[in-house]
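Worksheet: one structure, shown below.
Below, chain A is the first sequence line, B the second, and so on; all start at residue 1.
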Amino acid sequence: DGGITQSPKYLFRKEGQNVTLSCEQNLNHDAMYWYRQDPGQGLRLIYYSQIVNDFQKGDIAEGYSVSREKKESFPLTVTSAQKNPTAFYLCASSFRGIHNEQFFGPGTRLTVL
Amino acid sequence: QKEVEQDPGPLSVPEGAIVSLNCTYSNSAFQYFMWYRQYSRKGPELLMYTYSSGNKEDGRFTAQVDKSSKYISLFIRDSQPSDSATYLCAMTWAGGTSYGKLTFGQGTILTVHP
């Protein structure tokens with residue numbers, strides 16, 4: 001089956017700890033994205049990557065880091081510097097180019113205790 | 001002011017009703033417009049994609065774009081309980097490093113009751 005997988009589905013973390021969210025796609029997409037979703041705020045872009053070994057900050061990159069060492073994978077690290085990390089995190093991917101649909105994964109719900 | 005404004009609702013309608021969902025935007029550079037549907041605790045899925053002013057129809061769904069007024073709408077005819085979800089508008093523009101970068105509205109929560 002082709003698609004985007006995110007793991008884990010639910011994640012709990014203590015304050016002060018870094019945590020890494022996994023995102024893998026087998027759609028042969030070049031571009032990958034990370035969004036954060038909070039109630040009443042829609043989706044906000046954290047980081048995006050158009051090609052391997054290159055990525056750009058989105059609108060709310062502070063306190064997050066990413067890597068893009070493989071085309072299929074785009075992990076997101078939520079660092080202890082992120083002041084309000086509890087949220088629903090969504091990964092997406094697409095072919096490059098303006099007309100290409102972004103396909104979303106099922107999301108990871110992160111709760112900081 | 002946010003670049004994209006969407007009434008968060010919630011919106012509750014009876015089965016069979018016509019639903020109208022709306023977004024306004026301030027950035028006149030936006031050229032490409034999308035509507036996503038998101039079921040509870042799931043990732044969004046693309047419903048409609050348009051890039052010109054006017055109407056685009058797909059089954060029970062019609063997307064409408066008015067670039068002069070910076071206003072887009074999604075109409076759902078003969079609404080069903082299975083349409084109950086959050087609907088997100090999204091838009092983007094061509095050029096440079098912004099390729100593929102979507103700006104989303106806040107989402108409208110819709111409930112269709114039998």
Where [X] and [Y] come nearest, the two heavy atoms and their spacing:
| X | Y | result |
| --- | --- | --- |
| A/Q102 | B/Y36 | O-OH, 3.3 Å |
| A/L90 | B/G43 | CD2-CA, 3.7 Å |
| A/Y10 | B/R41 | OH-CD, 3.9 Å |
| A/Y35 | B/L102 | OH-CB, 3.9 Å |
| A/G42 | B/L88 | CA-CD2, 4.1 Å |

Inset, instruction - Quick one: which of A/R44, A/K9, A/Q6, A/Q37 has the most heavy-atom pairs under 4.5 Å with chain B, could you say? - result: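 Of the options given, most contacts go to A/Q37.
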Inset, instruction - Check whether B/Q38 gets within reach of chain A through its side chain, its backbone, both or neither, counting any heavy atom under 4.5 Å. - result: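 Just the side chain, heavy atoms under 4.5 Å.
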Legend entry - Under 4.5 Å from any heavy atom of chain A - which part of B/L46: both
Inset, instruction - May I ask you to test the A/Y48-B/K101 pair for a side-chain heavy-atom distance under 4.5 Å? - result: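 Yes, side chains in contact.
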Legend entry - Which portion of A/D38 sits near chain B, non-hydrogen atoms under 4.5 angstrom: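 Contact with chain B is absent: no heavy atom of A/D38 under 4.5 Å.
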Check this for me: [X], atom [atom1], are more than 12 non-hydrogen atoms of other residues, nucleotides or ligands nearer than 6.0 Å?
| X | atom1 | result |
| --- | --- | --- |
| B/K2 | NZ | yes |
| B/Y51 | OH | no |
| B/K42 | NZ | no |

Inset, instruction - Give the cluster check for B/I72 versus B/F61: same hydrophobic cluster or not, with ILVMFWY residues linked at side-chain heavy-atom distances below 4.5 Å. - result: yes
Inset, instruction - Examine B/W35 and B/V13 and state if one hydrophobic cluster contains both, with Ile, Leu, Val, Met, Phe, Trp and Tyr joined whenever side-chain heavy atoms are less than 4.5 Å apart. - result: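 Result: yes, single cluster for both.
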Inset, instruction - Any chance you could measure B/Q106, atom CD, to A/L43, atom CG, to the nearest 0.5 Å? - result: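 Atom-to-atom, B/Q106:CD and A/L43:CG are 11.5 Å apart.
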